[in-house]
Amino acid sequence: MRQVTGWIVLIVLVVFLIWSVMLIHPFGYPDVSDMDDYIIENSQEETGSNNVVAAVLFDYRGLDTLGEATILFTAVTGVLLLLRASKRKEETS
Amino acid sequence: MMEHIPLDFPFLAAALLVGISFYIIIFKKNLIKLIMGIAMLASGVNLFLVSLGYRAGGNAPIYTDVPEGTMVMSVPQALTLTSIVINVAVLALMLTMVIRIYRHTGSLDSEKSRKLKG
Amino acid sequence: MAALITHAPILIIAIPLLAAFLTPLIGMASSKARNAFVVVSLIFTVFLVFTLAKDVAINGIHVYTLGAASPDLSLPTGFIVPVRIILEVDGMAVFFSIIWSVVSLAAAIYSLSHIASETGQNRFFTLLLLMVMGGFGLMFTGDLFNLFVFLEIASISGAALIAYRTKFADTQEGGFKYIVVSAIASLMVLFAVGLLYGQYNSLNIAYLAQVIQYTMLDKIALALFLIAFAMKTGMVPLHLWFPDAYSVAPASITGMLVITSHACMYAAFRICFTLYGSVINAPVVGWIIIIFGLLTMFVGVTMAVYQKDVMRFMSYHAISQLGYMWVGVGVGLAVLGNPELIATYGRDAMSGGIFHILNHAMYKPLLFFTGGALFHYTGTRDLTKMGGLAHKMKWTTILYIIGTLSISGIPPLNGFSSKILIYESVYQFHPILTITGIIVSILTLASFTKAFHSAFMGAELPEYKGVKEVPRSMIIAMVILAAGIIFITLFPSLIVDSTIHPAADALIDPKPYISAVTGAIP
Amino acid sequence: MLTKIVRTVANQLILFIVIFGLYVIVHGHITPGGGFQGGAVVVSGIVMLLVVFGSQDLKKSLRERVLSITESSGALMFIILAFIGIGVVFFYNFLLGTPIFGRIPDFGSGPGDIWTGGVIPLMNIAVGIKVIAGLSAVVLALALFSGGEEVEE
């Protein structure tokens, strides 16, 4: 039962995946690129950065990078939280 | 559409990666394999994202001593970078939990290490 | 004050974040100072949320463009596509952020003594603040990729907090299930975002809503979004992880997780009504949501009847209650294209569903908190082992009764006012929905009465001689939520007029949301 | 702990790895790279040290507590840089046009000037600190825990 459901879900997913990548624009020739053209044209003037990817990361989409840094912080905090000793030092000694 | 299929290879590779990873996630019982499946799913999605932004014959979007010509789209690269770091964080946390589960139950099999039922 | 209101959307996100970064540093100096700092920063956030809510009610949608020369400069000069990340706060976002701010404050206060005997408190509160920040970001953002980032923040911190009590194996398992489900769901969201980006070269929800075509790719993306968010809210075929994760977390976190699933529900609404609002095939998607909503209601409550673990029992009820909201809003979606039906019952059905979210966000965390209070001294979650606790824990008993009456929709409590709104309007759409709703409600009352009987009534058990009333901060947190319930009970029409109807209208008509970013629609 | 040859080579190599990582971080706004990438390079060096010397030895020089504080301060630096812009808008590039990193390059291909980019280089450095401290804390904690030791509070 579980196997059969699994296969059905998998096949439906794969069919739709292949279908969607067939439908999307051919690789290398995007249909629309207004936003990216604007960024490539204006990033030097607006952010002063030669590296357009850095300009996108830290200026145009700065909140994403802040969120990304936050996720890293969250994960580090989470890992250290889960690997902590569950008893305090003075109790064990 | 036929003439594009060789060119569309990155998209198909991404779909293949996602498909294989779903196979692993649905059918594999070992927790480490499950994590590997999720890592593959993340790679597939990242590959898909970054290949969305490619323009044929484009240069890297960095103006330092760049040759003449078009540039590839920069936003998908930034998104992929963000998504890679996010997935590193998720994987670190997952592995920690698996280590803890292994300490408690002595097994990595998702059937054997189950405590919660009903 | 004017500057405060202008910058309020980002401050509500940034202040918990700043507090989260500072908490480990302050916690090294003194734990009392850390507790005070956490609570004060959350109180300030609540204040900001209410200020912003008042302003949104008066002046309409708030737009905040990050990094531009001025906050309302959503499009670069002389260009028609939004480039930067835009925060957008409308009636719907404000409604959810009010719930989230109040419940997270209560949860933080509750945690102060609930986890007082455990180690790792600095990191616990850091993660709690990060989760608060993730939730607010999820509600305020007007950008699809940003939505994914905040979804991940909320789920990672939630998973780490579920697994907080590392000495038990079941907590690790619950946390692991939660993070696996979240990771898969958010990667599906990311794939769908990629599909939309590839076609329209934009990530802004408002702009995409304006240019969307509803091609086959858009349909696939919509399905991926809906499956991902349904997975995160525990809709029925995908609900198996839900009780496992919710029952093992510390009670304060379970209360917050309930609201996180509401936030994912918000994201699903945002996608259906705003992003696809003008093109969606509303009856089909509406009926799909209604059918799965009914299934969720029914399966949740029938599974709950057999549960012996108090937190699992309440988690299954949470699943069942989430079904009501899906049904209410699903009916609204099914008639979206028809202004007449919207006016006769569609708007009421949606208001009922949204009102039920508010009520559920008050009584379900309250019930989880009382469950945590039972666990706090007895050390067990097994209902069959409890008994006679009413003699010792008077406050907890009273608060549990309030929550029970409210969840089963006993008049005049708030659960009743939202359920009656759903029943009346949904009946005109299809009577079977109302009948199922009433049956589920009766089953809910029956099972909660049984749980009440086994935990609180009966003779005092000898092993619980030492049990006393829970510490003061836990009582305060529960009283905050109970006060919310009583306030809604006393003034239902005030609440409905000032918050619920604006939220429902924001869903029904996406045009103000779109034109706030892109200017007037040509 | 591995053999003496490996230890000696690692001791020499770590210097180059760290310098390369720092180079990638501080030149993030003009060449490929940035805070995350450079940070990951430095952490790869730290992982090499972990493999060569073992977690117990490395623990003497790198404490999780210190790493945790460093990470918090990196994150704080980043959010404060974003916060200063709130005079105009959160994340406003307020350094542009000032003498510090304020130059604006001419449009098009150019040699690249280190004093450009406004807050971007500073944010790269903040993120770099954060990534180095955060990822090495994770790697070290996982290694120590696998060896049977739990992280102190």
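Here is the naming used below: chain letters follow the sequence lines, and residue numbers restart at 1 for every chain.
A side-chain donor-acceptor contact under 3.5 Å links B:Ser51 to the backbone of B:Leu47. For the pair A:Thr65 (side chain) and A:Leu57 (backbone), a donor-acceptor distance under 3.5 Å is present. A:Asn42 places a side-chain N or O within donor-acceptor distance of the main-chain N or O of A:Tyr38, the cut-off being under 3.5 Å. Of the possible polar contacts, none joining the B:Asn87 side chain to the B:Ala39 backbone as a donor-acceptor pair under 3.5 Å is found.
Counting heavy-atom pairs closer than 4.5 Å to chain A, the top-ranked of the candidates B:Gly19, B:Ala89, B:Ala92, B:Ala60 is B:Ala89. The choice from A:Ile40, A:Leu72, A:Asp64 that makes the most heavy-atom pairs within less than 4.5 Å of chain B is A:Ile40. Heavy-atom pairs under 4.5 Å with chain A peak, among B:Ile26, B:Thr82, B:Val72, at B:Thr82. When each of A:Gly78, A:Gly67, A:Pro30 is scored by its heavy-atom pairs under 4.5 Å with chain B, the top score falls to A:Pro30.
Contact annotation for A:Ile39: only side-chain heavy atoms (C-beta onward) come within less than 4.5 Å of a heavy atom of chain B. Contact of B:Val66 with chain A is not made at all, since no heavy-atom distance falls under 4.5 Å. Interface residue B:Phe22: backbone and side-chain heavy atoms are both found under 4.5 Å from chain A. In this structure, chain A has no heavy atom under 4.5 Å from any part of B:Ile99. For chain B, the nearby parts of A:Leu82 are the backbone and the side chain; heavy atoms of each come within less than 4.5 Å. Within the 4.5 angstrom heavy-atom criterion, atoms from both the backbone and the side chain of A:Val53 approach chain B. Using a 4.5 Å cut-off between heavy atoms, B:Leu81 contacts chain A through both its backbone and its side chain. Looking at A:Gln44, the atoms closer than 4.5 Å to chain B (heavy atoms on both sides) all sit in the side chain, from C-beta outward.
Between A:Phe27 and B:Tyr54, the two ring planes are parallel [angle under 30°; tilted spans 30° to 60°]. Taking the six-membered ring where the residue is Trp, B:Tyr23 and A:Trp7 present tilted rings, their angle falling between 30° and 60°.
Remark: B:Phe48 CZ to B:Leu17 CG distance equals 13.0 Å, nearest 0.5 Å. The distance from atom CG of B:Leu108 to atom CG of B:Leu34, rounded to the nearest 0.5 Å, is 11.0 Å.
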